Amino acid sequence: YWIDAAGVYIYNPAGQILELISHVGISDDFVQNVNRYDRNTSQMKVLLKKESLYIRSCDLPEESKKRNEKEGILFTAVIPLVNSETYELVGNLNLASKKYEQISEEDKKGIESIARRIVNLILYAQSQEKLKEANLFLEQKVEEKTTELKNKMEEIRLSEEKYKIFQENIPTAIFSTDLNGKIIYGNRATVKIFGFDSLEDGLNYTVFDLYYSKEQRNEILQKLISFGYLPETEVQLLRKDKSTFWGLVRAN
């Protein structure tokens, strides 16, 4: 109810720079002045403390005060975005109000909860980008080897075909299910790891048959429903012969 403008910054630790990657509710002129902060700026100093800052525009340094007054901003919240596992800085969330000069403690807890969810989204997006880069690198290596062995072999033209080659040869189980959890596709490693007689044999199972613990299965399902993805999680799994083993699971 009190937020009129917002911006999300990503922190570059190598250059110690904050860069604005998304914003709403602020003018182009304002964006030009706040789209980047280096380590000598007050914004960066706040970020490096990893502490949230709630401040009225009238209490800001003169230059920032004038900029906010021109934009009509009365109050600003600066929330560092921190990786909860490594405690490394990811960026920060800036929120501004043009109607209020203070907010309640309940509101502060609410936006800090939102900030934690934004951190998870950013980390997920970054991990997906790294995965794409790794996949591309492996595809290039496969193509180079293929060219060496077959001098004039026709290049693989469709990225789906190249990705299928990668999936079928990776030692990690990769499988898909329908909305009811029934397995509809699995790579070679899926058959080997879960002890299926064949891929056709594996199609007789659901993903729920593969989890040893019903509680853990339900927990994973709830995370998928709530967030749309499951970050890498250690779980106890079942083979076809009912023997158990521990594995790392990631799902989308």
Side-chain angles (χ1 to χ4, degrees), residues 1-130 222-223 225-232:
Y1 71 93
W2 62 270
I3 299 173
D4 298 298
V8 176
Y9 289 81
I10 293 294
Y11 177 58
N12 179 350
Q16 291 191 322
I17 295 171
L18 268 179
E19 294 185 284
L20 183 66
I21 62 162
S22 181
H23 62 84
V24 65
I26 49 179
S27 66
D28 292 340
D29 289 341
F30 192 83
V31 170
Q32 289 181 0
N33 289 311
V34 300
N35 63 355
R36 185 184 178 96
Y37 294 103
D38 61 32
R39 59 184 176 181
N40 297 318
T41 60
S42 58
Q43 182 88 330
M44 184 66 77
K45 292 175 183 177
V46 170
L47 175 70
L48 293 175
K49 290 181 180 179
K50 303 176 186 176
E51 296 176 356
S52 299
L53 174 68
Y54 302 93
I55 188 168
R56 298 181 303 171
S57 293
C58 61
D59 296 326
L60 288 168
E62 194 62 30
E63 182 178 349
S64 299
K65 177 181 176 182
K66 289 180 179 179
R67 186 168 59 231
N68 280 17
E69 288 177 347
K70 184 178 179 181
E71 193 70 15
I73 294 173
L74 300 176
F75 175 81
T76 301
V78 181
I79 316 296
L81 301 175
V82 180
N83 186 327
S84 60
E85 294 183 359
T86 65
Y87 206 55
E88 294 176 335
L89 292 168
V90 176
N92 77 290
L93 171 65
N94 280 16
L95 303 172
S97 178
K98 299 179 182 180
K99 302 185 292 287
Y100 299 89
E101 288 192 329
Q102 63 181 1
I103 60 174
S104 68
E105 291 300 317
E106 184 178 353
D107 288 333
K108 291 178 183 179
K109 291 179 181 178
I111 60 174
E112 289 177 6
S113 174
I114 291 171
R116 287 192 291 271
R117 294 202 292 273
I118 291 175
V119 170
N120 291 336
L121 288 170
I122 292 173
L123 293 175
Y124 174 71
Q126 290 175 338
S127 69
Q128 291 301 298
E129 192 61 34
K130 291 177 181 177
Q222 187 58 50
K223 286 182 179 178
I225 293 171
S226 300
F227 303 108
Y229 74 96
L230 175 74
E232 193 169 89

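In this text, all values refer to a predicted model and were calculated from it rather than measured experimentally.
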Salt bridge (charged side-chain N to carboxylate O under 4.0 Å, His left out) partners for K99, two or more places apart: D4
Test side-chain hydrogen bond (donor to acceptor under 3.5 Å, both in side chains) applied to S84 - qualifying residues, sequence neighbours left out: none
Contacts of type side-chain hydrogen bond (donor to acceptor under 3.5 Å, both in side chains), residue N83, not counting sequence neighbours: T86
Y9 vs V78, side chain to side chain contact (heavy atoms under 4.5 Å, CB included): CA-CA, chis, key distance, verdict: CA-CA 11 Å; Y9 289 81; V78 181; over 6 Å; no
Distance, nearest 0.5 Å, that separates [atom1] of [X] from [atom2] of [Y]:
X    : Y    : atom1 : atom2 : result
I3   : I114 : CD1   : CD1   : 6.0 Å
D38  : N12  : CG    : CG    : 12.0 Å
T41  : E63  : OG1   : CD    : 10.5 Å
I122 : L81  : CD1   : CG    : 5.0 Å
S57  : E101 : OG    : CD    : 8.0 Å
N68  : L60  : CG    : CG    : 5.5 Å

Ring centers of F227, Y124 separated by less than 6.0 Å: no
Side chains of [X] and [Y], heavy atoms from C-beta outward: is any pair under 4.5 Å?
X    : Y    : result
L48  : L89  : yes
Y229 : N120 : yes
I79  : N92  : no

Show which side-chain atoms of residues 13-30 pair as donor or acceptor with protein atoms under 3.5 Å away, not counting sequence neighbours.
from: Q16; atom 1: OE1; to: R39; atom 2: NH1; distance (Å): 3.3
from: E19; atom 1: OE2; to: R36; atom 2: NH1; distance (Å): 3.0
from: S27; atom 1: OG; to: F30; atom 2: N; distance (Å): 3.2
from: S27; atom 1: OG; to: E71; atom 2: OE1; distance (Å): 2.9
from: S27; atom 1: OG; to: E71; atom 2: OE2; distance (Å): 3.4

Sequence neighbours excluded - ring-ring contact (aromatic ring centres under 6.0 Å, His included) pairs with any residue from residues 50-100: Y1-Y100, W2-F75
Heavy-atom closest contact (I10 atom, Q126 atom, distance): CG2-NE2, 4.3 Å
Salt bridge (Lys or Arg N to Asp or Glu O under 4.0 Å) pairs, two or more places apart, involving residues 105-114: E105-K108
